[in-house]
J.: 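Quick one: the structure is below, questions incoming.
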Amino acid sequence: MSTTVPAWAAADSYADALRTGRGPLFLRRDDGWLLPLEVERWCARADRVDLTVLDRCEGAVLDVGCGPGRLVAELAARGRTALGIDVSETAVARTRRLGGQALRRSVFEALPGEARWGTVLLMDGNIGIGGDPRALLDRVARLLAPDGLLIVETAPVDVDERARVRVVGIADGHAGGSPFPWARLGTPALLRYAHGWAKVDQWTAGGRRFAALRSRTASSSAEPPKRTAVISSQRTRKPSGDSPVANR
Ligand SMILES: C[S@@+](CC[C@H](N)C(=O)[O-])C[C@H]1O[C@@H](n2cnc3c(N)ncnc32)[C@H](O)[C@@H]1O
């Protein structure tokens with residue numbers, strides 16, 4: 001498999017789980033430790049905990065690593081401008097089927113509405129994308145409009161971990177897909193990494209933890225992304241990397 005194909009996109013077990021709406025599915029560290037992935041919840045409708053996040057969203061919303069799209073679909077149903085991006089073709093297809101707009105693209109590639117998004121979401125552990133939280137926060141700062149809002153779901157425990165993991169389904173046995181870098185952060189660790197960000201809120205709901213941050217760095221344009229601009233950028237592209245390093 002080409003090293004430029006992000007591991008999530010190439011993981012058959014992830015695509016199968018999204019198609020069936022069922023796990024079990026895990027991220028497995030090299031030492032064998034397993035982090036369960038909540039596929040059933042991701043494939044269900046947005047729940048009351050998700051709504052605590054969506055109610056805080058401002059302006060046009062970019063859901064990074066949108067998975068099967070429950071949040072984008074709920075925002076669309078509310079008449080909000082929202083775009084999901086994900087490297088997994090199955091995730092993007094499912095998001096569109098639910099009525100959400102989605103693009104197959106890595107967060108580290110060029111995206112529509114750069115420096116104009118009102119809110120960026122990093123839900124369900126997606127602060128782990130790329131395995132380098134500082135690089136991801138820098139990238140998100142460049143996506144947001146000046147004073148834009150970032151909402152991050154953090155780990156329910158105080159952890160600051162970077163590891164190589166594989167997506168592992170029941171059918172994979174001990175093999176799993178290709179390894180890729182991932183990070184897991186509790187709120188204290190997130191706040192340590194978030195230089196140049198101001199914490200505006202932090203809350204717990206249904207055992208899940210969240211933090212809302214505002215970038216102190218002004219980006220280049222204050223104009224919100226237009227719905228048409230989002231739609232016209234919905235062509236399918238082959239993502240070029242799971243890691244920010246691959247795009248520099
Ligand atoms: C932990 S799952 C979260 C799932 C999701 N939030 C949901 O509602 O189902 C991580 C998601 O991020 C996507 N992803 C991984 N690397 C990415 C990248 N570089 N850019 C965009 N999405 C990425 C994966 O394909 C996967 O769908």
Side-chain angles (χ1 to χ4, degrees), residues 4-23 25-28 34-47 49-50 53-54 61-75 82-95 97-98 100 102-112 120-133 135-137 139-140 143 151-155 163 165-169 177-185 208 210 236-248:
T4 60
V5 178
W8 282 94
D12 290 342
S13 51
Y14 184 52
D16 288 347
L18 295 191
R19 269 188 219 107
T20 60
R22 271 203 223 107
L25 199 68
F26 305 90
L27 291 184
R28 183 167 62 80
L34 294 175
L35 175 70
L37 299 177
E38 297 182 67
V39 177
E40 289 84 357
R41 182 172 62 74
W42 300 344
C43 290
R45 289 191 59 170
D47 61 20
V49 178
D50 294 326
V53 172
L54 301 188
V61 182
L62 180 69
D63 184 6
V64 170
C66 64
R70 71 189 193 283
L71 303 177
V72 180
E74 178 63 29
L75 286 164
L83 174 69
I85 57 158
D86 204 291
V87 292
S88 157
E89 195 169 357
T90 314
V92 167
R94 197 170 158 139
T95 302
R97 267 204 310 281
L98 291 182
L103 193 58
R104 188 182 178 201
R105 194 84 57 91
S106 166
V107 64
F108 300 111
E109 295 181 291
L111 291 172
V120 169
L121 299 179
L122 288 172
M123 291 297 107
D124 308 311
N126 284 352
I127 185 67
I129 287 176
D132 181 346
L136 183 57
L137 288 168
R139 175 65 182 124
V140 169
L143 289 167
I151 304 182
V152 181
E153 180 170 359
T154 51
V165 296
R166 296 164 199 265
V167 177
V168 186
S178 305
F180 57 95
W182 193 253
R184 224 161 52 95
L185 302 185
R208 295 167 60 197
F210 304 92
T236 300
R237 277 180 40 169
K238 193 172 181 174
S240 68
D242 224 10
S243 152
V245 178
N247 291 292
R248 284 188 174 158

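Atoms within each ligand, like the ligands themselves, are counted from 1 in listed order.
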J.: Which atoms of ligand 1 have any heavy atom of Asp124 under 4.0 Å away?
T.: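 In order of number, 1 (C), 3 (C), 5 (C), 6 (N), 7 (C), 8 (O).
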
J.: Quick check on contacts: which atoms of ligand 1 are under 4.0 angstrom from a heavy atom of Pro68?
T.: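 What qualifies from ligand 1 is 7 (C), 9 (O).
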
J.: Is the backbone N or O of Gly65 less than 3.5 Å from a side-chain atom of Asn126, with the two atoms forming a donor-acceptor pair by type?
T.: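 It does hold such a pair.
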
J.: Counting N and O atoms only, with roles assigned by atom type, does the side chain of Asp86 sit under 3.5 Å from a partner on the main chain of Gly67, one being a donor and the other an acceptor?
T.: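 Checking the backbone N and O of Gly67 against the side chain of Asp86, a donor-acceptor pair under 3.5 Å is found.
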
J.: Where the closest heavy atom to atom 23 (C) of ligand 1 is concerned, which of Ile129, Asp50, Ile85 has it?
T.: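 Closest candidate by heavy-atom distance is Ile129.
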
J.: Judging by distance only, is a nitrogen or oxygen of Gly69 under 3.5 angstrom from one on ligand 1?
T.: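 For ligand 1, there is no N or O atom that lies under 3.5 Å from one belonging to Gly69.
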
J.: Where the side chain of Arg104 meets the backbone of Val87, is there a donor-acceptor pair that is under 3.5 Å apart?
T.: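 Indeed, once roles are kept as given, a pair shorter than 3.5 Å links the two residues.
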
J.: Is Tyr14 near ligand 1, meaning one of its heavy atoms is under 4.0 Å from it?
T.: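 In this structure, Tyr14 qualifies as a contact of ligand 1 - some heavy atom is under 4.0 Å.
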
J.: Below 4.0 Å from any atom of ligand 1, is there a heavy atom belonging to Glu109?
T.: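 No; Glu109 lies far enough from ligand 1 that no heavy-atom distance drops under 4.0 Å.
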
J.: So if I count the atoms of ligand 1 from 1 in the order they appear, which ones are less than 4.0 Å from some heavy atom of Asn126?
T.: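 Close to Asn126: 1 (C), 2 (S), 3 (C), 6 (N), 10 (C), 11 (C), 12 (O).
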
J.: Whether Asp47 and Arg70 form a salt bridge (side-chain N of Lys/Arg under 4.0 Å from carboxylate O of Asp/Glu) is what I want to check.
T.: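 Asp47 and Arg70: not salt-bridged.
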
J.: Closer than 3.5 angstrom, by distance alone: can the side chain of Arg208 be matched with the main-chain N or O of Val49 as a donor-acceptor pair?
T.: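 No; judged by distance alone, with no hydrogens or angles, the pair does not exist.
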
J.: Measure up the Trp8 and Tyr14 rings against each other and bin them: parallel (under 30°), tilted (30 to 60°), perpendicular (over 60°).
T.: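 Geometry flag for Tyr14 against Trp8: perpendicular rings.
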
J.: Heavy atom under 4.0 Å from ligand 1: found in Val64's side chain, backbone, both, or neither?
T.: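 Looking at Val64 and ligand 1, no heavy atom falls under 4.0 Å.
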
J.: Is Ala91 in contact with ligand 1, taking contact as a heavy-atom separation below 4.0 Å?
T.: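 It does not, in that no heavy atom of Ala91 comes within the 4.0 Å cut-off of ligand 1.
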
J.: State, to 0.1 Å, how close Met123 and Ile151 come at their nearest heavy-atom pair, and which atoms those are.
T.: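 Answer, listing the atom of Met123 first, then Ile151: CE-O, 3.3 Å.
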
J.: Report the part of Arg105 in contact with ligand 1, treating N, CA, C, O as backbone and CB onward as side chain, heavy atoms under 4.0 Å; options are side chain, backbone, both, neither.
T.: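 Backbone only.
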
J.: Answer with yes or no whether Cys66 contacts ligand 1, where contact means a heavy atom under 4.0 Å from a ligand atom.
T.: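 Cys66: in contact with ligand 1 (<4.0 Å).
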
J.: Within the distance-only criterion (no hydrogens, no angle test), does the side chain of Thr95 pair as donor or acceptor with the backbone N or O of Ala73 below 3.5 angstrom?
T.: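 Here the side-chain-to-backbone pair does not exist.
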
J.: Check this for me, if you would: do Arg45 and Asp50 make a salt bridge, where the nitrogen-to-carboxylate-oxygen distance has to be below 4.0 angstrom?
T.: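 Looking at Asp50 together with Arg45, the answer is no, because their closest N to O distance does not fall below 4.0 Å.
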
J.: If we only count N/O pairs under 3.5 Å, is Trp42 in contact with ligand 1?
T.: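 No; every N/O pair is 3.5 Å or more apart.
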
J.: Hey, what do you get for CG (Leu111) to CG (Leu103), rounding to the nearest 0.5 Å?
T.: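 Between Leu111 CG and Leu103 CG, I get 7.0 Å after rounding to 0.5 Å.
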
J.: Using a strict cut-off of 4.0 Å, indicate which atoms of ligand 1 neighbour a heavy atom of Gly67.
T.: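 Here the atoms of ligand 1 in question are 5 (C), 7 (C), 9 (O), 27 (O).
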
J.: For Arg70, counting its heavy atoms only, list the atoms of ligand 1 lying under 4.0 Å from any of them.
T.: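 The list of qualifying atoms is 7 (C), 8 (O).
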
J.: Polar contacts were defined as any N/O atom of the residue lying under 3.5 Å from an N/O atom of the ligand; does this apply to Trp8 and ligand 1?
T.: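 Min N/O separation from ligand 1 is not below 3.5 Å for Trp8.
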
